[in-house]
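Below is one structure; the comments refer to it alone.
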Amino acid sequence: MASQVNPPRGMRDFLPADKAKREHAFSVIKRVYRDHGFDEIETPVVEDHARLHAGLGGDNEKLSFSILKRGLGAEALAAAAEGGDAEQLADLGLRFDLTVPLSRFYASHRAELPPVFRSIQMGPVWRAERPQKGRYRQFVQVDIDVIGEAGLLAEVELLSATSRVFAELGLTGCVFRVNDRRILFGLLDHCGFAPETHDRALIIVDKLDKIGAEGVVGELRELDPEAAERLGAVLTEVEPRLAGDGIPLTAEAISAILPEGAAAEGVANLAEIGAALEGSLPEGVELRFDPTLVRGMGYYTGTIFEVAHPGSGSSVGGGGRYDGMIGRFLGQDVPAVGSSIGFERIVDLIELPASTGPEAVALVHDADAAPADLAALKTALVARGHRVRLERRQKNMKTLLARVAEQGFTRFANVRAGERDVDALELRELSA
RNA sequence: GUGGCUAUAGCUCAGUCGGUAGAGCACCGGCUUGUGGUGCCGGUGGUCGCGGGUUCAAGUCCCGUUAGCCACCCCA
């Protein structure tokens with residue numbers, strides 16, 4: 001095995017069939033988002049090391065790849081080694097998400113952008129994680145964001161566009177689990193958790209689907225036994241509902257499951273979003289309230305959501321409102337909501353639809369056919385709208401024809417040496 | 001970062017109790033077929049992931065290492 005020629009760990013090469021499927025998904029996503037009024041932008045794949053480590057990326061910061069400064073000499077290396085500070089060797093890093101770069105982009109170009117800016121970003125990001133199924137060290141993210149809209153219209157636009165993407169890709173059965181950070185914090189307050197325990201409490205609540213209500217309460221007791229019991233009463237009621245059909249995103253259903261008077265602001269927000277989206281969601285997409293949805297990123301301030309699909313063990317998308325983040329770069333708070341699609345994970349779920357374009361033709365020619373004749377025949381067929389592939393005749397026709405059929409060719413013609421008339425070619429059916 | 005499984009020909013895989021490696025497919029050649037999707041015969045191709053160790057002898061047993069897969073953590 002020539003392992004030396006494999007791509008770097010956790011990164012992949014894509015063969016033509018893989019690439020075709022990825023491009024299909026890519027084009028569907030881009031078209032739907034553009035149709036919904038979002039504009040595509042692009043930023044560099046590297047950012048300042050300091051900006052990537054400004055505390056906005058959560059755990060992802062620790063997983064970022066750093067780029068060595070150019071022209072480092074022996075003295076600089078020695079100084080860094082002596083100081084024990086590898087950081088001073090790197091001034092740039094590969095981006096680990098698209099949200100930090102977008103915030104920088106917006107702060108930089110605000111004057112040239114509309115008051116409410118709707119962006120599309122599609123590109124690779126890097127994380128130095130241990131690779132496994134559905135998890136890579138280089139992967140593509142597709143983000144849309146609405147910047148400058150404080151009202152929930154932003155959430156509504158985001159969710160309706162994103163749900164349409166899943167529908168157009170043929171991914172039925174998607175469930176959007178929605179929550180609001182204010183509901184989470186309101187609930188913790190209401191149960192009596194001290195503010196300084198909130199972050200730790202949320203991490204525990206996030207495990208509900210893995211360790212169950214009892215497990216969560218057990219861990220929460222270490223923070224505050226009494227508050228843990230109060231929250232446990234809520235979770236015990238919530239848990240079976242989540243396992244069943246879920247909780248609809250309506251004012252009645254949300255209020256019914258939460259303690260009276262807890263997190264009114266967040267409840268109203270979600271209820272309005274649910275009402276606004278009713279009737280405009282595509283078929284096969286469900287909207288559900290999930291009070292245990294947390295999401296890891298610390299920068300979320302309001303609505304948060306995650307997309308689940310029965311064919312994938314992990315989420316295929318997610319996002320939320322992060323009103324404080326751009327202010328970190330701009331010095332002035334700008335409201336923002338973002339949605340990210342797990343491109344690699346949905347590519348694994350979709351099928352490439354059969355081509356509906358003009359027939360693709362393989363010209364199987366004798367070895368002694370003149371290049372000039374072949375070029376002329378090929379050009380003539382291309383001009384007629386065909387996709388054309390030249391294949392030199394080989395001993396095993398069966399293998400050759402099976403291969404071109406697999407590559408999407410639907411017809412083939414035998415070309416003998418001296419053949420120059422494209423109309424004389426017999427285009428025969430190629431069954432896959 | 002933690003743990004488990006795996007690694008043999010270009011591909012998919014056999015290889016028993018340790019005795020220096022095999023099949024199918026692909027590829028090449030000859031014949032067959034003859035306007036071509038057939039069949040037969042033969043051939044090329046492997047530092048058994050890499051490095052150590054045990055042994056008279058290691059693909060096989062042991063240790064390390066690298067990579068892949070899987071679970072955890074976290075995430076998309």
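Values reported hereafter were calculated over all heavy atoms of this structure, with side chains retained and with hydrogens, waters and symmetry mates removed. We name chains A, B, ... by the order of the sequence lines, and we start the count at 1 in each one.
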Checking base pairs now: Watson-Crick or wobble, both atom distances under 3.5 Å. What partners B:rU65? B:rG49
SB check A:E237 A:R241 (cutoff 4.0 Å): no
Verify ring pair (Phe, Tyr, Trp, His ring centres under 6.0 Å) between A:Y106 and A:F329, making sure each step is shown before the conclusion. CA-CA 9 Å; A:Y106 185 82; A:F329 299 121; over 10 Å; no
I want to check one thing: is the phosphate of B:rG68, taken as OP1 and OP2, less than 4.0 Å away from some side-chain N or O of A:Q132? no
Counting just side-chain N and O atoms, does A:R9 come under 4.0 Å of either OP1 or OP2 of B:rG68? yes
Is the ring of A:F139 stacked on the base of B:rA76, with centres less than 5.5 Å apart and planes under 30° off? yes
Measure from NZ or CZ of A:R295 to the centre of the six-membered ring of A:Y300, then state whether that distance is under 6.0 Å and the direction lies within 45° of the axis. no
Does any nucleotide pair with B:rG43 by Watson-Crick or G-U wobble geometry, both distances under 3.5 Å, and what is it? B:rC27
Output the single nucleotide from B:rU35, B:rU38, B:rA76 whose closest atom is nearest the side chain of A:S340. B:rA76
Does A:T399 have a side-chain nitrogen or oxygen under 4.0 Å from the phosphate oxygens OP1 or OP2 of B:rA26? yes
Report which part of the nucleic acid A:G319 touches: base, sugar-phosphate, or nothing (heavy-atom distance under 4.0 Å, all strands). nothing
Under-4.0 Å salt bridge between A:D366 and A:R416: no
Between C1' of B:rA76 and CD of A:E306, the distance in whole Å: 9 Å
Does one side chain, of A:H36 or A:S160, offer a donor that lies under 3.5 Å from an acceptor on the other? no
Look at all strands and tell whether A:E129 reaches a base, only sugar-phosphate, or nothing, counting heavy atoms closer than 4.0 Å. base
Phosphate OP1/OP2 of B:rC70: any A:K133 side-chain N/O under 4.0 Å: yes
Nearest to the side chain of A:F412 - B:rG37, B:rG68, B:rA76? B:rG37
Would you mind pulling out the nucleotide paired to B:rG3, Watson-Crick or G-U wobble, both distances under 3.5 Å? B:rC70
Nearest-nucleotide 5' precedence on RNA chain B, A:S315 against A:D366: A:D366
For A:I204 and B:rC74, what is the distance between atoms CD1 and P respectively, to the nearest whole Å? 11 Å
Rounding to an integer number of Å, can you tell me how far A:Y136 OH sits from B:rA67 P? 17 Å
For atom CZ of A:R428 and atom P of B:rG37, their distance in whole Å: 8 Å
Does A:R135 contact B:rC74 through a side-chain donor or acceptor facing the base, at a distance under 3.5 Å? yes
Could you state the atom-to-atom distance from NZ of A:K398 to C1' of B:rC40 in whole Å? 15 Å
A:E426 CD to B:rU35 C1': how many Å, rounded? 9 Å
Whole-Å distance separating the CZ atom of A:R137 from the P atom of B:rC75: 18 Å
Does A:V140 or A:R130 map to a spot on RNA chain B nearer the 5' end, using the closest nucleotide for each? A:R130
Using 4.0 Å as the upper bound for N to carboxylate O, is an ion pair formed by A:R95 and A:E47? no
Do A:R345 and B:rC75 share a donor-acceptor pair, side chain to base, under 3.5 Å? yes
Considering every strand shown, what is the Watson-Crick or G-U wobble mate of B:rA14 when both distances are under 3.5 Å? none
Any idea which of B:rU35, B:rC75, B:rC69 is nearest the A:R416 side chain? B:rU35
Using a 4.0 Å heavy-atom cut-off, does A:V316 contact any base of the nucleic acid, only the sugar-phosphate backbone, or nothing at all? sugar-phosphate
If we call it a pair only when both distances are under 3.5 Å in a Watson-Crick or G-U wobble match, what pairs with B:rU38? none
Within a reach of under 6.0 Å around CD of A:E40, are more than 12 heavy atoms found that belong to other residues, nucleotides or ligands? yes
Between CZ of A:R403 and C1' of B:rC27 the distance, given in whole Å, is 11 Å
